[in-house]
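Excluded from the calculations below are hydrogen atoms, water molecules and symmetry mates; all remaining heavy atoms, backbone and side chain alike, are included.
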Amino acid sequence: QVQLVESGGGLVQAGGSLRLSCVASGRTFSTYAWFRQAPGKERDFVTRVSWSTGSTYYADSVKGRFTISRDNAKNTVYLQMSALKPEDTAVYYCAASITVQYSTAADYYNFWGQGTRVTVSS
């Protein structure tokens, strides 16, 4: 059974940090990504990483503050979030694509986790 399980969300003050984890089971994927969805808004792309090369890409809104990484041995992808802002408040979703993926559109990702909530207080 293929699963993506996120963890690490919580409540943090503005300027603080959190690290999200996404453990994949059942298979490995070519590309992993993080998306987020704030209340009343659409699901937005945050960042992605290539499983084989480690190359990354970030949305402008998080560039310089968030870092995506992967641990191949643990089949885990991380999202280190620093200098958090209230506007980062959202449910964060881990997503994965079987094929190498350069798109930032959610439709191109085949599998999704259940989400983990991040709340940043001002």
Practice item. First locate atom OG of S61, then atom CZ of F66, and finally report the distance between them rounded to the nearest 0.5 Å. Key: 7.5 Å
Exercise for review: Please assess L4 against Y93 for the test side-chain contact (heavy atoms from CB on, under 4.5 Å), listing each intermediate value before the final yes or no.
Suggested key: CA-CA 9 Å; L4 298 175; Y93 296 91; over 6 Å; no
Exercise for review: Mind listing the closest non-hydrogen atom pair of Y58 and I68 along with its distance?
Suggested key: OH-N, 2.9 Å
Exercise for review: Starting at CZ of R117, measure out to CG of L20 and round the result to the nearest 0.5 Å.
Suggested key: 13.0 Å
Review point. Taking only residues two or more places apart in sequence, or in another chain, which ones meet K41 in a salt bridge (Lys or Arg N to Asp or Glu O under 4.0 Å)?
Key: none
Exercise for review: Quick one: do V49 and V77 satisfy side-chain contact (heavy atoms from CB on, under 4.5 Å)? Show the steps, please.
Suggested key: CA-CA 9 Å; V49 63; V77 175; 4.3 Å; yes
Practice item. Compare every heavy atom of L18 with every heavy atom of Q80, then report the nearest pair and how far apart it is. Key: NE2-O, 3.6 Å
Check your understanding: Would a distance-only check, ignoring hydrogens and angles, find a side-chain to backbone donor-acceptor pair under 3.5 Å from T119 to L11?
Key -> no
Point to revise | In one Ile/Leu/Val/Met/Phe/Trp/Tyr side-chain cluster, 4.5 Å: V46, V118 | key: yes
Check your understanding: Counting only heavy atoms not in Y57, do more than 12 sit closer than 6.0 Å to its OH atom?
Key -> no
Practice item. Could you tell me whether the side chain of S21 reaches within less than 4.5 Å of the side chain of S7, counting heavy atoms only? Key: yes
Exercise for review: Report the C-alpha distance between Y32 and R48 in whole Å, list the side-chain angles of each, state the deciding distance to 0.1 Å, and finish with yes or no for side-chain contact (heavy atoms from CB on, under 4.5 Å).
Suggested key: CA-CA 6 Å; Y32 291 79; R48 67 166 185 261; over 6 Å; no
Point to revise | Residue pairs involving residues 13-121 (criterion disulfide (SG to SG under 2.5 Å); sequence neighbours excluded) | key: C22-C94
Review point. Can you name the residues that form a ring pair (Phe, Tyr, Trp, His ring centres under 6.0 Å) with F111, not counting sequence neighbours?
Key: F29
Check your understanding: Hey, mind stepping through Y108 and T99 against side-chain contact (heavy atoms from CB on, under 4.5 Å) and telling me if it holds?
Key -> CA-CA 9 Å; Y108 286 87; T99 58; over 6 Å; no
Check your understanding: Residues two or more places apart in sequence or in another chain: which of them pass side chain to side chain donor-acceptor pair (under 3.5 Å) with S50?
Key -> S52, T53
Point to revise | Listed once per pair and sorted, the disulfide (SG to SG under 2.5 Å) pairs that draw on residues 29-68, sequence neighbours left out | key: none
Review point. Which value, rounded to the nearest 0.5 Å, describes the distance between I98 atom CD1 and N110 atom CG?
Key: 4.5 Å
Review point. Does the ring center of F45 lie less than 6.0 Å from the ring center of F35?
Key: yes
Study note, to complete from the structure: The reported gap from OG1 in T76 to CD in E6 (rounded to nearest 0.5 angstrom) is 12.0 Å
Exercise for review: Hey, could you give me the OG/CD distance between S25 and Q1, rounded to the nearest 0.5 Å?
Suggested key: 7.0 Å
Practice item. Quick one: pull up OH in Y78 and CH2 in W34 and give me the separation to the nearest 0.5 Å. Key: 10.5 Å
Show every donor-acceptor pair shorter than 3.5 Å between a side-chain atom in residues 84-92 and any protein atom, with sequence neighbours excluded, or say none if there are none.
residue, atom, partner, partner atom, Å
D88, OD1, R36, NH1, 2.8
D88, OD1, R65, NH2, 3.0
D88, OD2, R65, NH1, 2.7
D88, OD2, R65, NH2, 3.4
D88, OD2, K85, N, 2.7
T89, OG1, P86, O, 2.9
T89, OG1, V120, N, 2.9
T89, OG1, V120, O, 3.4
Y92, OH, R36, NH1, 2.9
Y92, OH, D88, O, 2.6

